[in-house]
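Below: the structure, in structure tokens.
Note on naming: letters A, B, ... go to the chains in the order of the sequence lines (proteins, then strands), and numbering restarts at 1 for each one.
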Amino acid sequence: MSANPTGPLHVGHGRGAAMGQAIASLLSASGFDVSREFYINDAGRQLQLLGRSVYARYREYWGKEVAFPEDGYHGDYIRALAETVALTHGQALLENPPELAEPVCAQVASQILLDRIKDDLATFGVQFETWFSEASLHDKGLVQATLDELRERDLVKEKDGAWWFRSSVFGDEKDRVVKKQDGSYTYLAADMAYHRDKLARKFDTLINIWGADHHGYIPRMEATVQAFGHEKESLRVVLVQMVNLLRGTQKIEMSKRAGEFVTLREVVEEVGSDAAKFFFLMRRADSHLDFDLELAKRQSSDNPVYYVQYAHARLASVFRTAHERQVPLPSIQDVDQTLLLQEEELGLIKMLAQYPLIIEASALALEPHRVTFYLQELAAQFHSYYNKNRVLPLMDKAVKSEDGSQGLQMETNEKALGAEHLSVHASLTPALTAARLALLQQVQTVLRNGLTVLGLSAPEKM
RNA sequence: GCGCCCGUAGCUCAAUUGGAUAGAGUAUUGGACUUCGAAUCCAAGGGUUACAGGUUCGAUUCCUGUCGGGCGCACCA
């Protein structure tokens, strides 16, 4: 994934991050060798704008006249950044012309913001092997080198004083400017250099996670990988649609221009990273997501996150109880599996058998939501089964009668119990308990693996 | 105007990539705790898969058109 280090990560970035990390771990669970990379957009116009915005607030801080840039960043965090610059540089920058002062501001500000982005992602539980700087491509002359290489092969041409990438050769609707008349590069040029670099690192497939509003950019990047002699299919783009934040039925309005948007950090602080991730992954990437903050933090039945985690915790509790009562926890090889004859038991077994297929299909399709659906279904089947069937034997009278009064109570209770309960009790042999415990351990393992692959915790207690 | 994505139960979404009677959650209504976790379970109602054609033994899925929604269409990123 990528982001401009010009502001905090917002919920849209969060969805992308959750999606990217889930896809990455699904692929590695399926046997692929995966590397996660964050592309830092620390070059170009947006950064310039950041510098200009911070410099304006900096002048304001020292009581100077300012005309705040029309298209600048308006968020409150810009003032905070300006204060930091004021503390480290004092009034020194006031003496410099904007052309010198603004890049300094941009440099300081983007470094702080990048650190915060890294921190936010770490808190969210998303890791990257590589942080790739766009500016480093420019510094090393790789952008120009990329264009030169393509120019030699007649895939870049000069026209009207600008350089054009002949993407239409590969099916794009028209050619694209990569080097402007003023000699500076477009974003596309840097992106081409970046993809060239990645391809040179021998990845078979490049998977980009993009906001859905960038879909028009896909043909350009497909043309790029083809220009470097790779199949169009070696690039796969996952488009992530917008997140609609709700509080109950109330929509939370966001305006990036005015600097009013809900940050990823705020959401994670409010609902927790498990709930946030699960909600981000619950829907297909290319459908709009309604994210209800109230629902996400509600610890009740209608919250799908807790539903799945509860199943895991409930199982943990069963095994704890078994341990307390000194009922052994057998492994699946040591029990008589033919005792598991009930429809629900066979259903659970079939469901467990599907797990590897779900993981693989979900990985290949780059669709983590399939796993969230699967986990909800497995949890549902477990809850249903467990509600109907006893696993551990009822407390023995001998054990109970250590406490005299309770022993008496038990006796009257048994009479009060219906015939059905008695028959269930009677048929619950130690061998059946063992078989069911073994099955349930498999269920717990799959729940845990599924939660883990999505980046969620599998709690022992809740 | 051109291009991409989408349209499935009141609402939010699934549907093993073309397979059997289209499934979940939520909401509504009614029921189940003195025992292994009720953050749970059971039951009921709810559908012309936007519409119209076409391909196929078979279509929510593929093709064409219409309507409706979202997003793109920079020498911005």
Side-chain angles (χ1 to χ4, degrees), chain A residues 2-4 6 41 43-49 71 134 159-164 173-174 176-191 211-219 239 241-242 244 246 249 282-292 295 298-311 313-322 324-325 327 354 357-358 361-362 364-365 367 369-370 372-374 376-377 379-380 382-395 400 406 409-410 412-414 416-417 421 425 433 436-437 440 461-462:
Chain A
S2 70
N4 291 312
T6 54
N41 300 131
R45 221 181 87 82
Q46 298 303 317
L47 206 74
Q48 245 179 46
L49 216 55
D71 43 1
E134 178 187 351
K159 194 184 119 195
D160 303 332
W163 290 31
W164 299 72
E173 59 181 9
K174 58 182 178 186
R176 310 288 175 174
V177 172
V178 283
K179 191 176 186 177
K180 304 180 227 172
Q181 281 181 337
D182 66 7
S184 63
Y185 302 102
T186 62
Y187 179 76
L188 174 61
D191 235 358
D213 53 345
H214 288 66
H215 64 81
Y217 202 72
I218 294 176
L239 293 176
Q241 271 289 0
M242 298 202 23
N244 225 344
L246 306 168
T249 52
M282 226 168 25
R283 306 281 176 240
R284 304 172 38 173
D286 58 9
S287 72
H288 289 258
L289 174 68
D290 282 332
F291 190 136
D292 181 355
L295 176 59
R298 207 180 302 159
Q299 304 200 354
S300 72
S301 55
D302 46 5
N303 187 335
V305 188
Y306 291 111
Y307 184 80
V308 176
Q309 290 185 325
Y310 177 69
R314 198 181 187 186
L315 282 160
S317 169
V318 175
F319 303 141
R320 275 196 301 273
T321 308
E324 281 163 21
R325 297 188 191 170
V327 178
Q354 272 182 43
L357 305 175
I358 294 283
S362 173
L364 294 176
E367 291 181 350
H369 78 273
R370 298 185 189 197
T372 67
F373 273 85
Y374 171 83
Q376 290 178 85
E377 205 178 318
F382 157 66
H383 282 309
S384 175
Y385 167 70
Y386 191 67
N387 228 266
K388 237 179 274 179
N389 298 93
R390 261 210 95 76
V391 175
L392 298 176
L394 284 170
M395 286 289 267
K400 270 281 180 182
Q406 282 221 2
Q409 247 184 339
M410 278 300 285
T412 52
N413 285 339
E414 288 226 358
L417 288 170
H421 286 82
H425 183 183
T433 287
R436 287 181 174 171
L437 279 172
L440 291 188
K461 286 182 182 175
M462 294 174 67

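- Picking from B/C5, B/C41, B/C75 the nucleotide with the shortest atom distance to the side chain of A/Asp160 gives B/C75.
- Of the listed nucleotides (B/C36, B/G72, B/C73), B/G72 has the atom at the smallest distance from the side chain of A/Asp213.
- In the set B/A39, B/A38, B/A77, the nucleotide with an atom closest to the side chain of A/Lys180 is B/A77.
- A donor-acceptor contact under 3.5 Å is not formed by the side chain of A/His215 with the base of B/C5.
- The interatomic distance linking A/Leu315 (CG) with B/A39 (P) rounds to 15 Å, in whole Å.
- Straight-line distance from the CG atom of A/Asn389 to the P atom of B/C42: 12 Å, rounded to whole Å.
- With a glycosidic angle further than 90° from 0, B/C67 counts as anti.
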Identify all pairs in which a protein N or O lies below 3.5 Å from an N or O of nucleotides 15-22 of chain B, and state each distance.
residue	atom	partner	partner atom	Å
B/A15	OP1	A/His369	NE2	3.4
B/U17	N3	A/Arg370	NH2	3.2
B/U17	O4	A/Arg370	NH2	2.2

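- Spacing between atom CG of A/Asn303 and atom P of B/A39 amounts to 14 Å, rounded to whole angstrom units.
- Here B/C41 presents its P atom at 13 Å from CD of A/Glu377, a figure rounded to the nearest Å.
- One interatomic measurement links the two molecules: CD of A/Gln376 to C1' of B/C13, which rounds to 10 Å at whole-angstrom precision.
- A/Phe373 comes within 4.0 angstrom of the backbone, heavy atoms only, and of no base.
- The side chain of A/Tyr217 approaches B/A77 more closely than any other nucleotide in the set B/A77, B/C75, B/A38.
- Classification of B/U12 as anti follows from a glycosidic angle more than 90° from 0.
- Of the nucleotides present, none pairs with B/U49 by Watson-Crick or G-U wobble criteria with both distances under 3.5 Å.
- Shown here, B/G7 forms a base pair with B/C67; the pair counts as Watson-Crick or G-U wobble because both key distances fall under 3.5 Å.
- In this structure, CZ in A/Arg45 is found 13.5 Å from OG1 in A/Thr186, a value given to the nearest 0.5 Å.
- The partner of B/A24 is B/U12, judged by Watson-Crick or G-U wobble contacts that both fall below 3.5 Å.
- Distance NZ (A/Lys174) to P (B/G72): 15 Å, rounded to an integer number of Å.
- Taking every side-chain heavy atom of A/Asp290 into account, B/U12 is the closest of B/U12, B/A77, B/A38.
- Rounded to an integer number of Å, the gap from CZ of A/Arg283 to P of B/C5 is 21 Å.
- Around the CE atom of A/Met282, the shell of radius 6.0 Å holds more than 12 heavy atoms that belong to other residues, nucleotides or ligands.
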